[in-house]
Amino acid sequence: MIVSAMRFLKTIRAGYLEPKILHLNPDKRDTQGFNKCIRFAPTLMPGYPAYMANAYPLDMSQYFRFFNSTRLPKLNRDELVADKSRKHLLVLRNGNFYVFDVIDKDGNIVKASEIQAHLQYILSDATPAPEFPLGYLTSEERNTWAVLRQKLLENGNEEALKKVDSAVFCLCLDDFPIKDDVHLSHNMLHGSGMNRWYDKSFSIIMTQDGTAAVNLEHSWREGMTIIRFQNEVFRDSTQKPAISPQTLPAKVDSSQAVQKLVFHLGDSLKSAISTAKKKFGATVSSFTIVPMEYRGCGKEFLQTQKISPDAVAQLSSQMAFFRQYGQTRTTHEVCSTAAFKHGRTETIRSASFYTKKCTDAFLRNLSQHSMAELRSML
């Protein structure tokens with residue numbers, strides 16, 4: 001997965017990542033012929049012939065800060081920083097921090113067998129979890145974390161923090177298998193806090209049984225960018241795997257290649273970490289995930305009935321809230337504005353007079369309406 005992620009990085013920086021295009025007539029336009037024709041359009045205006053074909057290029061500016069970036073806490077307003085010159089990966093295991101290069105001095109991806117050797121070296125490290133795990137601070141209230149980060153810098157941790165911030169991305173190795181879907185969801189969404197650095201643009205989380213997910217810092221970019229990355233990495237790592245179970249790690253001196261980061265903490269910082277850990281635990285304990293799988297019907301059936309699956313999902317949440325609390329609240333769903341330059345998302349207000357009328361009919365006055373009337377309301 002590391003090698004595939006680095007292939008994605010090199011593809012972006014070489015300008016070869018396939019553009020994201022919304023095709024309103026995909027059967028006619030999302031073809032090799034269309035893609036070949038659009039290449040001949042002038043560089044500054046390929047959008048115009050695409051618009052005429054009902055194909056809309058989507059903004060991809062967020063991809064250029066995808067790697068080597070981090071969200072720095074500042075008083076009242078955070079800062080996104082990126083350093084594309086750095087070539088190292090950040091690895092977290094058992095609350096300890098390690099870095100090693102995954103891009104060599106010539107800009108090539110380090111051999112997979114060498115990366116494998118470095119990871120085995122990290123996995124063989126018997127260092128226990130730190131008494132005061134630094135990762136909890138990234139879950140703190142932002143102004144509090146900004147003040148504490150300044151204390152970390154004043155305590156002589158500037159170089160170590162710079163390595164954390166500028167790493168291509170963060171790999172979190174969790175020393176346990178996944179028990180079930182609920183455990184999976186909790187671990188990938190927040191984890192223990194000890195083995196995470198939430199400020200990194202994204203982290204690949206890998207558990208002992210090989211279950212993997214991506215956790216992203218969401219404030220400055222949308223989830224669709226990480227879905228594209230995750231799909232590409234999954235496809236590449238399964239179809240063109242860099243190693244196999246039979247691959248032997250390279251015979252390299254990983255003790256020289258891998259650097260373990262050491263942080264200097266004073267009493268006030270130790271106390272702050274303990275406080276952050278308690279607050280994190282209280283937040284996590286108030287969060288519940290209960291999965292339910294309904295197999296009575298799904299998207300394909302609804303589409304055959306000419307009913308929008310998305311609309312049914314929106315109505316379901318509104319009806320559930322009404323059944324629980326006896327009232328209708330403002331609800332929204334996300335609409336992408338990526339068809340515009342630097343577009344992110346906008347809000348669709350999905351609660352309306354019509355959804356309230358439908359909710360009332362289904363939950364209060366079901367017997368007073370015929371099937372045809374209910375279907376019409378849907």
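What you see below is based on every heavy atom in this structure, not just the backbone, and it leaves out hydrogens, waters and symmetry mates. Counting begins at 1 with the first residue of the sequence.
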Worksheet entry | Non-hydrogen atoms of Lys299 and Pro309 that approach each other most closely | CG-CG, 3.5 Å

Worksheet item: More than 12 foreign heavy atoms under 6.0 Å from OH of Tyr325: is that the case here?
Response: no

Discussion item. Less than 4.0 angstrom from a charged side-chain N to a carboxylate O is my criterion; do Lys260 and Asp125 meet it?
Written reply: yes

Worksheet item: Does any donor atom in the side chain of Asp236 or Ser4 lie under 3.5 Å from an acceptor atom in the other side chain?
Response: yes

Fill in: Inter-residue atom distance Phe322.CZ - Leu315.CG, 0.5 Å rounding
13.0 Å

Discussion item. With a 6.0 Å cut-off (strictly less than), is the heavy-atom count around CG of Asp267, excluding the residue itself, greater than 12?
Written reply: no

Worksheet item: Quick one: do the Ser69 and Ser201 side chains pair a donor with an acceptor below 3.5 Å?
Response: yes

Item to complete: Kindly say whether Thr337 contributes a backbone atom to a donor-acceptor pair with the side chain of Glu346 at under 3.5 angstrom?
Response: no

Worksheet entry | Neighbour count above 12 (heavy atom, 6.0 Å) for Lys151 NZ | no

Practice prompt. Answer with yes or no whether the side chains of Asp310 and Ser308 bring together a donor and an acceptor at under 3.5 Å.
Written response: no

Practice prompt. Evaluate whether atom CG of Asp83 has more than 12 neighbouring non-hydrogen atoms of other residues, nucleotides or ligands under 6.0 angstrom away.
Written response: yes

Worksheet entry | Spatial distance of atom CG (Leu123) from atom OH (Tyr98) [nearest 0.5 Å] | 9.0 Å

Discussion item. For the backbone of Arg86 and the side chain of Asn68, can you confirm whether one donor and one acceptor N or O come within less than 3.5 Å of each other?
Written reply: yes

Worksheet, complete the sentence: Of all heavy-atom pairs linking Arg7 and Thr11, the shortest is O-OG1, 2.7 Å

Discussion item. For Thr355, give me all partners under side chain to side chain donor-acceptor pair (under 3.5 Å), at least two apart in sequence or on another chain.
Written reply: Gln318

Practice prompt. Determine the minimum heavy-atom distance between Ala257 and His118, stating which atoms define it.
Written response: CB-CE1, 3.4 Å

Worksheet item: Under 3.5 Å, is there a donor-acceptor pair between the side chain of Asp78 and the main chain of Arg71?
Response: no

Worksheet item: Is a donor on one side and an acceptor on the other found under 3.5 Å between the side chain of Arg93 and the backbone of Ile122?
Response: yes

Discussion item. Leu269 vs Phe132, test: side-chain contact (heavy atoms from CB on, under 4.5 Å). Steps then yes/no.
Written reply: CA-CA 9 Å; Leu269 283 167; Phe132 300 97; over 6 Å; no

Item to complete: Determine, for Arg149 against Asp199, whether the closest basic-nitrogen to carboxylate-oxygen distance falls under 4.0 angstrom.
Response: no

Practice prompt. Would you confirm whether Asn94, through its side chain, and Asn96, through its main-chain N or O, come within 3.5 Å as a donor-acceptor pair?
Written response: no

Item to complete: Tell me, please, whether Phe66 has Arg221 positioned over its six-membered ring: NZ or CZ under 6.0 Å from the ring centre and within 45 degrees of its axis?
Response: yes

Worksheet item: Which of parallel (below 30°), tilted (30 to 60°) and perpendicular (above 60°) describes Phe280 and Tyr136?
Response: perpendicular

Worksheet item: Is the side chain of Asp104 donor-acceptor paired with the backbone N or O of Asn108 at a distance under 3.5 Å, no angle test?
Response: yes

Discussion item. Assigning hydrophobic clusters by single linkage (Ile, Leu, Val, Met, Phe, Trp, Tyr; side-chain heavy-atom cutoff under 4.5 Å), is Ile205 placed with Val284?
Written reply: no

Worksheet, complete the sentence: Nearest heavy-atom approach of Asn155 to Gly266 is ND2-N, 3.2 Å

Fill in: Backbone of His190 reached by a side-chain donor or acceptor of Asn215 within 3.5 Å
no

Worksheet item: Taking the six-membered ring where the residue is Trp, are the ring centres of Phe263 and Phe97 under 6.0 Å apart?
Response: yes

Worksheet item: Do Met6 and Leu216 belong together in a cluster built from hydrophobic side chains that touch within less than 4.5 Å?
Response: yes

Fill in: Gln327, CD: over 12 other non-hydrogen atoms inside 6.0 angstrom
yes

Worksheet item: Is the number of heavy atoms from other residues, nucleotides or ligands under 6.0 Å of Phe234 CZ greater than 12?
Response: no

Worksheet entry | Nearest non-hydrogen partners of Phe362 and Leu366, listed with the distance | O-CB, 3.8 Å

Discussion item. Check this for me: Lys277, atom NZ, are more than 12 non-hydrogen atoms of other residues, nucleotides or ligands nearer than 6.0 Å?
Written reply: no

Worksheet item: Any donor-acceptor pair under 3.5 Å linking the side chain of Lys163 with the backbone of Leu90?
Response: no

Discussion item. Just checking Arg323: does its CZ atom have more than 12 heavy atoms from other residues, nucleotides or ligands closer to it than 6.0 angstrom?
Written reply: no

Worksheet item: Is there a donor-acceptor pair closer than 3.5 Å between any side-chain N or O of Asp253 and the backbone N or O of Ser255?
Response: yes

Discussion item. Minimum heavy-atom separation for Val182 and Pro291, please, with both atom names.
Written reply: CG2-CD, 3.5 Å

Discussion item. Let me confirm one number: the CD-CZ distance from Glu222 to Arg228, rounded to the nearest 0.5 Å.
Written reply: 16.0 Å

Worksheet item: Does Asp174 pair with Arg196 as a salt bridge, N-O distance under 4.0 Å?
Response: yes

Worksheet item: Are the side chain of Lys200 and the backbone N or O of Val164 linked by a donor-acceptor pair below 3.5 Å?
Response: yes

